[in-house]
Engineer: 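This is the structure, below, for whatever I ask next.
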Amino acid sequence: MPELNPHQKTAVHYINGSLLILAGAGSGKTSVITHKIAWLIREFGVAPHHITAVTFNNKAAREMKTRVADLLNSQNTKGVTISTFHALGLNILQNSLKEVGYSSSFSIYDAEDSQALVAKLLRVDHPDAANNLAQEVQKQISHWKKRLVKPEQPPNKSESIRDIAALIYNKYEQRLLAYNAMDFDDLILKPVRLFQDFPNTLAIWRKRIHYLLVDDYQDANACQHELVKLLMGKRGVLTVAADDDQSICAEQGAQPENLRHLQQDFPNLKVVKLEQNYRSTGRILKAANALIANNSHVFEKTLWSDRSYGDPVRVLKTRSEEHEAERVVSELVYHKFKHGTDFRDYAILFRNHSQVRLLERVLCERRIPYFLSGAASFFDKTEIKDIMAYLRLLCNPNDDNAFLRVINTPRREVSPETLEQLSRHASELGASLLRASLDTGLERYLSAKQAAGLRVFTQWLANTIEQANKEDPIKVVCDMLADLHYEDWLKDTCNDQKIAEQKMKNILDLVAWLQRLATQQNGEKTLSRLVASLSLIGLLEKNSEDNPGDYVSLMTLHSTKGQEFPHVFIIGMEEDLLPYQTNLDEKGVEEERRLAYVGITRARETLTFSLAERRKRGGEIVACKPSRFLSELPQDDLEWIDQESRDHLNDVLGRGDGYLANLRAMLDNNN
DNA sequence: TGGGGTGATATTTTT
DNA sequence: TATCACCCCA
């Protein structure tokens, strides 16, 4: 670790009050946070358990953990809490279940689970449109929760999404409570309510957390901000690292205004700016600064670098989107060939996923290995969701959503009519589906055959639940998989055996993950604790983190945050694409500009933009104008390369000498 | 149970 | 216009 610069030192050593570290891209803000944790423990003898550090995703939390452990030579790190916001919320809730009104084994619903519940509720009033509306309604409800507001009840029935959502909001909340389930937003919202309603509980937590450190605070939503405020009270010492120019999660409810609120809520807030960038060449930084100067700011800052000025920023003008893909890949290959770099040194960034298809095709044709991140996550895979539903049901017999998901996977010949009767009986009893199906009164509704089919399943489930309460969680899971003959079922249902194998492998990964959690986790190791932690871990990170081989990275501008590459291409620099057409009000353009800014500041050595003159859009080929952002860059540092000038690959091929053979050999080596 | 036909949708995404 | 998800029919 290199020496800290004076500003970084100030931020690390200031511990008498709350601090905002206003940190530009690549200025080492995360390392300031980690150094501060080490400093508190080593120099001030702060007990590790009085320190809590919070991030917004698992990857960041994990990285912070290892960096702190490195600094402290793994001594003393044990009591430090480093987790995501949601994991912290979960932890708070698990210690106050009675006050919150949940029992210990509550389920955690992801967006898809919530959506299924919303759809179910919508079906009452909108039988035909329920599935189509569910996603938007779920988003609206989530949005309210993130903003910490309750919906206004609409005066009369209306057809707008907002009003529909407002009408089912309460039902949705009641149903979650009845299922003993929470959605992701509840993991933040419920702790806030808990602290508001139970001052004694809040006092316990305030006594515990003396130093709270939050990274990437520009991503916080109103609810998370409120939680921080409550936890800190008057005496807590808050350290926050933020860059309002990298706030690109408006969709997630993040608000750049949070930084202003921070100043209001913590009147003695000290502000330290980190403006030295250790990542990019001078020219790239100059471009980034010039661009972002067009946005309004709460705090002004200007990044500088003592690295060399570097190559000009290039702009490739191309005829069409196909031509653009070809040109970008050619440039990339040529550059790699010329400089002897690795494929992993390159990233191609774009605004939306639709742009990736053509690129993939060209890369495939040229046999260039690439790594597309942001594809479907591990936990979105059906087999994983199935098994997770089983596990949730084992912990929480009230989880009707899980019951419904599980009942016919594998096939158990339980018909929709049977389920309808069952749910009628359940609501009469005021019990969950699982409890109702164990009730003897059920025979009144069902034929002997129907009842028997159901009973076999529910008996088995009841036994497994009993076993789960006594035995080692891992053993229970393995036994369950065997009982289900899940592997056979996969093989039967997938027409491609390779896919079946892959799915089974995913499930074994899940079990392995569970096992790792069981050995790591201190304290209780009950199945429900394990399942709750598991619900918060995207195993996606495992895949995206170790990009193990030598691949060109393809990703959206949004998903690049926290990463850097020697050579960056940003494609589709056109009006209506970046900035995107539906985001053109003043605030929207600022958000899009930040997106471009984030992309630019990922680059260390070279930066290349590309744009096409024509592009297919909704089936029609339309002419495209260069992005306004290009005209906001310092023109002297741009090198425009239009379609008429050299095409490097043809250049190389045209020479017909050893270059070609070398190129071929190089390409072949990578296959 | 799987495939084909139909209709809706076309931004970004973390837990 | 292209894809995807879902539903229905064979």
Side-chain angles (χ1 to χ4, degrees), chain A residues 54-61 83-91 108-115 119 128-136 139 142-143 145-146 182-189 216 219-221 223-224 246-254 321 349-358 373-380 382 408-411 413 416 489 492-496 532-541 544 555-562 572 576-584 588 591-592 594-596 598-599 615-622:
Chain A
V54 172
T55 63
F56 285 83
N57 59 48
N58 292 305
K59 195 176 163 188
S83 72
T84 63
F85 250 110
H86 288 83
L88 177 66
L90 176 66
N91 193 238
I108 297 167
Y109 280 12
D110 67 10
E112 203 183 312
D113 297 315
S114 310
Q115 211 179 300
D128 301 321
N131 288 331
N132 291 336
L133 292 171
Q135 186 178 358
E136 280 190 87
K139 268 191 187 166
S142 168
H143 186 248
K145 287 185 164 189
K146 288 183 172 109
M182 294 192 200
D183 62 25
F184 277 135
D185 302 314
D186 286 334
L187 294 177
I188 312 293
L189 181 57
D216 280 322
D219 291 340
N221 58 41
C223 200
Q224 286 159 329
Q246 291 189 65
S247 170
I248 53 175
C249 296
E251 186 80 356
Q252 258 14 75
E321 48 193 334
L349 312 180
F350 38 86
R351 171 66 230 256
N352 30 323
H353 270 297
S354 59
Q355 294 169 267
V356 91
R357 195 173 299 273
L358 274 172
S373 55
S377 112
F378 187 82
F379 274 87
D380 289 339
T382 48
N408 273 320
T409 35
R411 283 275 131 152
E413 316 269 287
W489 182 71
D492 291 343
T493 50
C494 299
N495 27 14
D496 188 343
S533 326
L534 206 54
S535 302
L536 295 184
I537 299 174
L539 262 63
L540 167 69
E541 48 162 335
S544 65
M555 57 180 86
T556 63
L557 288 163
H558 282 92
S559 52
T560 57
K561 231 208 262 168
D576 292 344
L577 199 51
L578 185 69
Y580 196 73
Q581 54 186 348
T582 55
N583 213 2
L584 289 180
E591 167 108 359
E592 298 285 318
R594 288 193 291 269
L595 208 46
V598 168
R615 187 177 294 273
K616 224 187 272 181
R617 187 173 274 266
E620 250 179 314
I621 294 177
V622 291

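Lettering follows sequence order; numbering is per chain, from 1.
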Engineer: Would you mind reading off the distance between A:D113 atom CG and B:dT15 atom C1', rounded to a whole angstrom?
Structural biologist: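 Value for this atom pair: 13 Å.
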Engineer: Whether A:D183 and A:K145 form a salt bridge (side-chain N of Lys/Arg under 4.0 Å from carboxylate O of Asp/Glu) is what I want to check.
Structural biologist: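 A salt bridge links A:K145 with A:D183.
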Engineer: Test of understanding: with ring-ring contact (aromatic ring centres under 6.0 Å, His included), list the residues that count as partners of A:Y109, not counting sequence neighbours.
Structural biologist: none
Engineer: Between P on B:dT15 and CG on A:L536, what's the gap in Å once rounded to a whole number?
Structural biologist: 9 Å
Engineer: Could you pull out all residues at least two apart from A:E592 that satisfy side-chain hydrogen bond (donor to acceptor under 3.5 Å, both in side chains)?
Structural biologist: A:R351, A:N583
Engineer: Separation of A:N58 atom CG from B:dT14 atom C1', in whole Å?
Structural biologist: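 Going from A:N58 (CG) to B:dT14 (C1'), I get 9 Å.
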Engineer: Between A:K139 and A:E136 (salt bridge meaning N to carboxylate O under 4.0 Å), is one present in this structure?
Structural biologist: no
Engineer: Please list, chain by chain and in numerical order, all residues satisfying side-chain hydrogen bond (donor to acceptor under 3.5 Å, both in side chains) with A:Q246, sequence neighbours excluded.
Structural biologist: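 With neighbours one apart ignored, the set is A:D243, A:R602.
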Engineer: Between protein and nucleic acid, restricted to nucleotides 9-12 of chain B and to nitrogen or oxygen atoms under 3.5 Å apart, what atom pairs and distances do you find?
Structural biologist:
unit_1	atom_1	unit_2	atom_2	d
B:dT11	OP1	A:Y580	OH	2.6
B:dT11	O2	A:R351	NH2	2.5
B:dT12	OP1	A:H353	N	2.9
B:dT12	O4'	A:R351	NH2	3.2
B:dT12	O4'	A:H558	ND1	3.4
B:dT12	O2	A:R351	NH2	3.0
B:dT12	O2	A:H558	NE2	3.3
B:dT12	O4	A:E251	OE1	2.8
B:dT12	O4	A:E251	OE2	3.0

Engineer: For A:A134 versus A:A119, what's the shortest heavy-atom pair and its separation?
Structural biologist: CB-CB, 3.7 Å
Engineer: Using whole Å, what does the distance between atom P of nucleotide B:dT15 and atom CG of A:L534 come to?
Structural biologist: 13 Å
Engineer: Mind checking what makes side-chain hydrogen bond (donor to acceptor under 3.5 Å, both in side chains) contact with A:D219, not counting sequence neighbours?
Structural biologist: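 With neighbours one apart ignored, the set is A:K561.
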Engineer: Do side-chain atoms of A:N58 reach the backbone of A:L536 as a donor and acceptor pair under 3.5 angstrom?
Structural biologist: yes
Engineer: In whole angstrom, give the distance that lies between atom CG of A:L189 and atom P of B:dT14.
Structural biologist: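 Taking CG of A:L189 and P of B:dT14, I get 22 Å after rounding.
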Engineer: Reading DNA chain C from 5' to 3', where do the contacts with chain A start and stop? Cut-off is 4.0 Å to heavy atoms.
Structural biologist: C:dT1 to C:dC7
